[in-house]
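Residue numbers start at 1 and run along the sequence shown. Owing to the predicted nature of the structure, the values given are computational and were not obtained by experimental measurement.
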Amino acid sequence: MEHAINIFSFLPEDLVHKYIHVLTTFVVIAALLIIGSFTKNMTKEVPGKVQSFFETIVESIYNFSLNTLGEEGKPYIPIIFGIAFYVFFSNILGLIPGFIAPTSNLNSTVAPAVVVFFTYNYIGIKKHGLAYIKHFIGPVIWLAPLMIIIELISHLARPLSLSIRLFGNIFGEDLVIAVLFMLVPYLIPLPMFFLGIFTCFIQTFVFMLLTLVYISGALEEAH
């Protein structure tokens with residue numbers, strides 16, 4: 001944690017200690033804005049390597065999201081992009097010397113999880129209106145009181161699961177890498193560093209996939 005505090009040493013120490021995850025989140029947002037400004041003008045008919053790289057990423061996420069949500073879910077694909085890029089850059093920031101990952105703090109993982117929770121429920125209500133309640137009452141009417149309780153617990157557990165899973169994996173990864181660098185600098189931690197990059201991708205994919213599943217479920221007709 002000390003290496004991250006040094007980056008913001010020009011700020012009051014108490015502020016940095018309490019809100020380091022907020023400061024690093026601002027770094028992520030700034031990085032995304034810079035990259036967005038840099039890539040929005042990449043419109044060459046014959047793309048170069050950089051443009052091809054970004055087009056491949058965007059096309060892959062778009063096609064995967066469209067295949068999961070279907071045409072009906074196309075308006076919500078930008079939400080998937082926002083979540084995917086925020087989570088990935090927040091994860092990867094912890095691998096850069098001088099920073100910690102915002103997602104290694106539970107507050108920073110609860111925020112996108114709560115956004116996902118309210119988003120997919122809003123989409124469900126927008127699509128089905130009051131009929132959205134059918135998603136909670138089950139197929140047999142006389143079991144509805146029990147099913148409503150079970151479904152409510154299940155839905156409320158979703159943001160909890162999303163946030164704790166992401167926080168636990170990123171915090172554990174960053175902690176292991178930090179300890180290894182302190183004990184055996186440079187050589188031994190390198191495999192863990194590359195494993196950390198892989199973990200960042202995996203946790204981003206899991207978060208994005210579950211978001212797609214929740215939105216897809218909200219769009220479906222209740223049976």
Out of curiosity, His128 NE2 to Ile133 CD1, how far, rounded to the nearest 0.5 Å? 12.5 Å

Spacing of Thr103 atom OG1 and Ile170 atom CD1 [to the nearest 0.5 Å]: 5.0 Å

Give the cluster check for Val115 versus Ile80: same hydrophobic cluster or not, with ILVMFWY residues linked at side-chain heavy-atom distances below 4.5 Å. no

Report the distance from atom CD1 of Ile123 to atom CG of Leu219, rounding to the nearest 0.5 Å. 6.0 Å

Is it the case that over 12 heavy atoms from other parts of the model lie below 6.0 angstrom from the CG atom of Leu33? yes

Where the side chain of His155 meets the backbone of Phe117, is there a donor-acceptor pair that is under 3.5 Å apart? no

For Phe205, check ring-ring contact (aromatic ring centres under 6.0 Å, His included) against everything at least two apart and list the hits. Phe64

Ile92 vs Leu95 side-chain heavy atoms within contact, under 4.5 Å: yes

Quick check: is Ile202 connected to Ile57 through a chain of hydrophobic side chains (ILVMFWY, heavy atoms under 4.5 Å apart)? yes

Residues passing the side-chain contact (heavy atoms from CB on, under 4.5 Å) test with Thr204, sequence neighbours excluded, are Ala84, Val87, Phe88, Asn91

Heavy atoms of Ser90 and Ala101 approach each other most closely as O-CB, 3.1 Å

Using the side-chain contact (heavy atoms from CB on, under 4.5 Å) criterion, which residues pair with Glu55? Sequence neighbours excluded. Pro47, Gln51

Can you tell me how far the CE atom of Met208 sits from the CD1 atom of Ile61, to the nearest 0.5 Å? 5.5 Å

Under the rule for side-chain hydrogen bond (donor to acceptor under 3.5 Å, both in side chains), what residues qualify as partners of Asn121, not counting sequence neighbours? Tyr132

In Å, rounded to the nearest 0.5 Å, how long is the span from CZ of Phe198 to CD of Gln203? 10.0 Å

Non-hydrogen side-chain atoms of Leu210 and Arg165 separated by less than 4.5 Å: yes

Apply side-chain contact (heavy atoms from CB on, under 4.5 Å) to Phe26 and list each qualifying residue two or more places apart in sequence or on a separate chain. Val22, Ile29

Side chain to side chain donor-acceptor pair (under 3.5 Å) partners of residues 107-119, not counting sequence neighbours, each pair once: Asn105-Asn107

Shortest non-hydrogen contact from Ser163 to Leu106? O-CD1, 4.0 Å

Taking only residues two or more places apart in sequence or in another chain, which ones pass side-chain contact (heavy atoms from CB on, under 4.5 Å) with Val58? Phe81

Please list all pairs passing the side chain to side chain donor-acceptor pair (under 3.5 Å) test where one or both residues lie in residues 208-218, with sequence neighbours left out. none

Under the 3.5 angstrom rule, does the side chain of Ser161 hit a backbone N or O of Ala157 as a donor-acceptor pair? no

Let's go through Ile79 and Ile83 carefully: what are the C-alpha distance in whole Å and the side-chain angles of both, what is the deciding distance for side-chain contact (heavy atoms from CB on, under 4.5 Å) to 0.1 Å, and is it a yes or a no? CA-CA 6 Å; Ile79 298 171; Ile83 289 173; 3.9 Å; yes

Is the Tyr122 to Phe118 ring centre distance short of 6.0 Å? no

Which residues satisfy the side-chain hydrogen bond (donor to acceptor under 3.5 Å, both in side chains) test with Ser52, sequence neighbours excluded? none

Sequence neighbours excluded, every pair satisfying side chain to side chain donor-acceptor pair (under 3.5 Å) that has a member inside residues 61-72: Glu71-Lys74, Glu72-Lys127

Please give me the minimum heavy-atom distance between Thr24 and Leu93, naming the atom from each residue. O-CD2, 3.6 Å

Side chain to side chain, Phe167 and Val110, heavy atoms closer than 4.5 Å: no

Hydrophobic cluster of Ile149, others only, ordered by chain and residue number, side-chain cut-off 4.5 Å: Ile153

What distance separates Ser104 OG from Leu166 CG, expressed to the nearest 0.5 Å? 9.5 Å

By ring-ring contact (aromatic ring centres under 6.0 Å, His included), which residues pair with Phe89, not counting sequence neighbours? none

